[in-house]
Amino acid sequence: AGAIIFRQDSRPNELFLLEKGLVKLTRVFPNGDEVILCLRYPGQLVDGASSLLGVPHSFSAIAAVECEVHRFNAARFSNDLHRNPEAAEL
């Protein structure tokens, strides 16, 4: 618990699929306030949008408990989706 998967404003190059555990997504505002935005559960991507769009993460992802996370290369995954759009519907 407490392991940082990625930090707010970092540049993504991987997709993270949560297999086991619980991840909290938090955002720190300029005034220093930190807010828990939501939780991610097994079977969910931690932040697919930023990774696929190539924009910085707008929040941090932190393991709330012991987690098992699978990493995928975001560029390769995006290219695979473009070649096989039916996969996006799964």
Side-chain angles (χ1 to χ4, degrees):
I4 296 171
I5 297 167
F6 58 77
R7 294 184 189 277
Q8 180 176 322
D9 298 323
S10 64
R11 288 257 176 217
N13 58 7
E14 296 176 307
L15 285 166
F16 298 93
L17 176 64
L18 183 59
E19 288 290 325
K20 175 184 162 192
L22 182 69
V23 173
K24 64 180 179 177
L25 306 182
T26 65
R27 180 168 176 80
V28 177
F29 292 92
N31 67 359
D33 288 346
E34 182 176 12
V35 175
I36 296 174
L37 301 172
C38 66
L39 300 173
R40 289 291 190 247
Y41 300 92
Q44 294 182 312
L45 287 175
V46 178
D47 184 19
S50 293
S51 300
L52 292 175
L53 296 172
V55 298
H57 294 291
S58 59
F59 48 81
S60 295
I62 303 163
V65 298
E66 185 176 332
C67 292
E68 183 178 324
V69 179
H70 291 279
R71 298 173 176 210
F72 300 92
N73 179 283
R76 183 177 304 144
F77 185 84
S78 180
N79 289 337
D80 289 346
L81 281 181
H82 287 297
R83 283 194 302 264
N84 186 11
E86 301 84 34
E89 297 174 15
L90 298 177

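All heavy atoms count here, side chains included; hydrogens, waters and symmetry mates do not.
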Discussion item. Please list all pairs meeting salt bridge (Lys or Arg N to Asp or Glu O under 4.0 Å) that have one or both residues in residues 17-44, counting only residues at least two apart or in different chains.
Written reply: none
Response to the item:
Rounded to the nearest 0.5 Å, the CD atom of Glu66 sits from the CG atom of Leu22 at a distance of 13.0 Å
Worksheet item: What distance separates Leu39 CG from Leu25 CG, expressed to the nearest 0.5 Å?
Response: 7.5 Å
Item to complete: Please answer: with hydrophobic residues joined when any side-chain heavy atoms are less than 4.5 Å apart, are Phe16 and Phe72 in the same cluster?
Response: no
Practice prompt. Answer yes if Val46 and Leu15 sit in the same cluster of Ile, Leu, Val, Met, Phe, Trp and Tyr residues linked by side chain heavy atoms under 4.5 Å apart, and no otherwise.
Written response: no
If you take all heavy atoms of [X] and [Y], which pair is closest and at what distance?
X: Ala61; Y: Val23; result: CB-CG1, 3.9 Å
X: Pro42; Y: Gly21; result: CD-O, 3.3 Å
X: Pro56; Y: Ser50; result: O-OG, 3.6 Å

Worksheet item: Residues sharing Ile62's hydrophobic cluster, by side-chain heavy-atom contacts under 4.5 Å among ILVMFWY, directly or via others?
Response: Ile4
Worksheet item: Linking Ile, Leu, Val, Met, Phe, Trp and Tyr by side-chain heavy atoms under 4.5 Å, what else ends up with Leu53?
Response: Val55
Practice prompt. For the residue pair Phe6 and Phe59, categorise the inter-ring angle as parallel (less than 30°), tilted (30 to 60°) or perpendicular (more than 60°).
Written response: tilted
Practice prompt. Apply side-chain hydrogen bond (donor to acceptor under 3.5 Å, both in side chains) to Arg71 and list each qualifying residue two or more places apart in sequence or on a separate chain.
Written response: Glu14
Item to complete: Could you pull out all residues at least two apart from Ser60 that satisfy side-chain hydrogen bond (donor to acceptor under 3.5 Å, both in side chains)?
Response: none
Worksheet item: Do any pairs count as a ring pair (Phe, Tyr, Trp, His ring centres under 6.0 Å) and have a residue in residues 26-48, sequence neighbours left out, and if so which ones?
Response: none
